[in-house]
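Everything below concerns the one structure shown next.
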Amino acid sequence: MKKYFPIFVDLEKKDILVVGGGKIAYRKVKTLLSYGARIEVITPEIRDEKFYELVEEKSIKLTPRKFRNSDIHGRFLVVGATDNKELNKEIYELGDSENTLVNNITTKEDLNARFCAVHRGEDFQVAISTDEGNPKRALELKKAVEEKINSN
Ligand SMILES: C[C@@]1(CC(=O)O)c2cc3[nH]c(cc4nc(cc5[nH]c(cc(n2)[C@H]1CCC(=O)O)[C@@](C)(CC(=O)O)[C@@H]5CCC(=O)O)C(CC(=O)O)=C4CCC(=O)O)c(CCC(=O)O)c3CC(=O)O
Ligand SMILES: NC(=O)C1=CN([C@@H]2O[C@H](COP(=O)(O)OP(=O)(O)OC[C@H]3O[C@@H](n4cnc5c(N)ncnc54)[C@H](O)[C@@H]3O)[C@@H](O)[C@H]2O)C=CC1
């Protein structure tokens, strides 16, 4: 099974594209914003109302239309966060061919960057990733780490 290289990246001033405006896209956007990323969301339809707050407070740029291939250019990271598995795979292939990091919410394989289950301490972080891409197990391991940390 493939091992993904763990790396902690400074996202401030990085251009990130999130394609899709649903529940999972919103969760990914919140995570990325909490690390200071600059985010554009491209989606023909918002399916999580909470996005409007982010637009109002100018935390994200919202572009209300379907994805176009040229949207990939110049991005540090692209998140394929639509409910269309084929499209998310296409986004991965386009981005990967341009050496762009691509996360994809509808796969364990058609992506070159995975999100981790993260415990954020006051002055440290523990990020957990499973080789098989099993978020439930990643969350269980995170819980075990948190119990250990809290018992110390
Ligand atoms: C491969 C990966 C790619 C990626 O998304 O980066 C991926 C893929 C998929 N996840 C799916 C489902 C769920 N994912 C979560 C939660 C999280 N998923 C995260 C990471 C990853 N998920 C990457 C692998 C990480 C690793 O194992 O190392 C976390 C850790 C980080 C984050 O997303 O920020 C975050 C917890 C954050 C936190 O709370 O701390 C929940 C629970 C919930 O939403 O509450 C469910 C519902 C579960 C259920 O109900 O079963 C499905 C759909 C399966 C289906 O429909 O069949 C796919 C696609 C597929 O498996 O093909
Ligand atoms: N990776 C993860 O952590 C998780 C992944 N999933 C998977 O993610 C899938 C999608 O989840 P939700 O966010 O709930 O879907 P959703 O249906 O709420 O949102 C999908 C979004 O994609 C947009 N979209 C569709 N076609 C588009 C296009 N051509 N260009 C731009 N945007 C487009 C839609 O307008 C909508 O805003 C689920 O079906 C499930 O398989 C589910 C749970 C967690």
Side-chain angles (χ1 to χ4, degrees), residues 1-9 11 14-37 39-56 59-96 100-122 124-150:
M1 217 174 280
K2 198 163 27 176
K3 293 245 180 237
Y4 285 74
F5 175 56
I7 184 169
F8 288 80
V9 183
L11 287 187
K14 290 279 188 281
D15 276 320
I16 295 180
L17 168 65
V18 175
V19 186
K23 188 167 64 81
I24 306 304
Y26 180 78
R27 190 181 76 215
K28 300 278 182 182
V29 164
K30 285 293 278 185
T31 302
L32 293 165
L33 281 176
S34 72
Y35 289 92
I39 301 175
E40 178 175 6
V41 174
I42 297 182
T43 184
E45 194 190 321
I46 289 292
R47 290 198 193 139
D48 189 323
E49 301 291 309
K50 296 200 284 294
F51 267 113
Y52 294 117
E53 277 166 43
L54 298 181
V55 174
E56 233 162 75
S59 298
I60 59 166
K61 177 183 176 197
L62 177 67
T63 302
R65 62 162 170 78
K66 283 189 178 175
F67 171 78
R68 297 176 192 143
N69 290 359
S70 59
D71 292 329
I72 298 279
H73 298 321
R75 313 286 181 165
F76 179 73
L77 166 70
V78 176
V79 183
T82 78
D83 53 347
N84 179 339
K85 208 174 156 95
E86 283 312 307
L87 174 62
N88 290 343
K89 186 176 178 189
E90 263 175 61
I91 291 171
Y92 157 63
E93 283 165 354
L94 279 166
D96 194 54
T100 294
L101 293 173
V102 185
N103 179 250
N104 171 352
I105 67 165
T106 50
T107 187
K108 301 178 199 309
E109 280 146 20
D110 299 319
L111 78 180
N112 60 26
R114 286 178 173 174
F115 278 48
C116 307
V118 183
H119 168 77
R120 294 169 78 162
E122 224 160 88
F124 70 97
Q125 303 186 83
V126 181
I128 293 161
S129 170
T130 69
D131 292 349
E132 74 268 40
N134 178 346
K136 273 192 178 156
R137 180 148 175 257
L139 286 172
E140 277 164 24
L141 289 165
K142 178 174 102 169
K143 217 169 138 206
V145 167
E146 286 175 338
E147 276 163 16
K148 179 77 185 149
I149 290 168
N150 293 334

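In each ligand, atom 1 is the first atom listed, and ligand 1 is the first ligand listed. Model, not experiment: these values are computed from the prediction.
Nearest protein heavy-atom contact of atom 6 (N) of ligand 2 is Ile105 O, 3.8 Å. At the top of the distance list for atom 30 (N) of ligand 2, counting protein heavy atoms only, stands Phe67 N, 3.1 Å. Looking only at protein heavy atoms, the nearest one to atom 19 (O) of ligand 2 is Gly22 CA, 3.3 Å. With respect to atom 15 (O) of ligand 2, the closest heavy atom belonging to the protein is Asp83 CB, 4.0 Å. In this structure, atom 17 (O) of ligand 2 lies nearest to the protein heavy atom Arg47 NH1, 2.8 Å.
Close approach to Arg27 involves these atoms of ligand 2, each under 4.0 Å from a residue heavy atom: 2 (C), 3 (O). For ligand 2, the atoms lying closer than 4.0 Å to a non-hydrogen atom of Thr43 are 23 (C), 31 (C), 32 (N), 34 (C), 35 (O), 37 (O). Near Ile42, meaning under 4.0 Å from any of its heavy atoms, are these atoms of ligand 2: 31 (C), 32 (N). The distance from ligand 2 to the heavy atoms of Lys23 drops below 4.0 Å at these ligand atoms: 13 (O), 14 (O), 18 (O). Those atoms of ligand 2 with a heavy atom of Gly20 less than 4.0 angstrom away are 22 (O), 23 (C), 32 (N). Counting atoms of ligand 2 from 1 in the listed order, those under 4.0 Å from a heavy atom of Glu45 are 35 (O), 36 (C), 37 (O). Each of the following atoms of ligand 2 lies closer than 4.0 Å to a heavy atom of Gly21: 21 (C), 36 (C), 37 (O).
Lys50 pairs by the salt bridge (charged side-chain N to carboxylate O under 4.0 Å, His left out) definition with Asp48, not counting sequence neighbours. Every residue meeting the salt bridge (charged side-chain N to carboxylate O under 4.0 Å, His left out) condition with Lys61, not counting sequence neighbours, appears here in chain and number order: Glu40. When the salt bridge (charged side-chain N to carboxylate O under 4.0 Å, His left out) test is applied to Asp71, the partners found at least two apart in sequence or on another chain are Arg65.
Both tests hold for Arg120 against Tyr35: distance to the six-membered ring centre under 6.0 Å, angle to the ring axis within 45°.
At a 4.0 Å heavy-atom cut-off, ligand 2 touches Thr106 through the side chain alone. When heavy-atom distances to ligand 2 are checked against a 4.0 Å cut-off, Asp48 has no atom that comes that close, whether in backbone or side chain.
Within the 4.5 Å cutoff, the side chain of Phe67 has heavy atoms near those of the Ile72 side chain. Looking at heavy atoms from C-beta onward, Leu33 lies in side-chain contact with Leu54 at the 4.5 angstrom threshold. At a threshold of 4.5 Å between non-hydrogen side-chain atoms, the residues Val18 and Lys28 do not count as touching.
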- [ ] Step by step, work out the side chain to side chain contact (heavy atoms under 4.5 Å, CB included) result for Leu62 and Thr43.
- [x] CA-CA 8 Å; Leu62 177 67; Thr43 184; 4.0 Å; yes
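Between Phe51 and Tyr26, the ring planes lie perpendicular to each other; the angle is over 60°, past the 30° to 60° tilted range.
More than 12 non-hydrogen atoms from other residues, nucleotides or ligands lie less than 6.0 angstrom from CD of Gln125. For Lys89, the NZ atom counts as loosely surrounded, since its 6.0 Å shell holds 12 or fewer non-hydrogen atoms of other residues, nucleotides or ligands. The local environment of CD in Glu93 is crowded, with over 12 non-hydrogen atoms from other residues, nucleotides or ligands closer than 6.0 Å.
For the salt bridge (charged side-chain N to carboxylate O under 4.0 Å, His left out) with Glu132, the lone residue among Arg137, Arg114, Lys3, Lys108 that qualifies is Arg137.
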Are any protein N/O atoms closer than 3.5 Å to the N/O atoms of ligand 1? If there are, list each pair with names and the distance to one decimal place.
from, atom 1, to, atom 2, distance (Å)
ligand 1, 5 (O), Lys28, NZ, 2.7
ligand 1, 6 (O), Lys28, NZ, 3.3
ligand 1, 6 (O), Asn103, ND2, 2.7
ligand 1, 6 (O), Phe115, N, 2.9
ligand 1, 27 (O), Thr130, OG1, 2.7
ligand 1, 27 (O), Asn134, N, 2.8
ligand 1, 27 (O), Asn134, O, 3.4
ligand 1, 28 (O), Thr130, N, 2.7
ligand 1, 33 (O), Arg27, NH2, 2.8
ligand 1, 33 (O), Lys28, NZ, 2.8
ligand 1, 40 (O), Lys142, NZ, 3.0
ligand 1, 44 (O), Arg27, NH1, 2.8
ligand 1, 61 (O), Lys108, NZ, 2.6

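Between atom 26 (N) of ligand 2 and the options Thr63, Thr82, Asn103, the minimum heavy-atom separation is to Thr82. Compare Leu87, Ile24, Val18 by their heavy atoms: the one nearest to atom 12 (P) of ligand 2 is in Ile24.
Smallest separation of non-hydrogen atoms from Asn103 and Ala113: ND2-O, 2.8 Å. Summarising the geometry of Ala138 relative to Thr130, their closest heavy-atom pair is N-CG2, 3.7 Å, with the distance given to 0.1 Å.
Under the 4.0 angstrom criterion for non-hydrogen atoms, Pro44 is in contact with ligand 2.
In this structure, atom 39 (O) of ligand 2 has its sub-4.0 angstrom surroundings free of protein heavy atoms.
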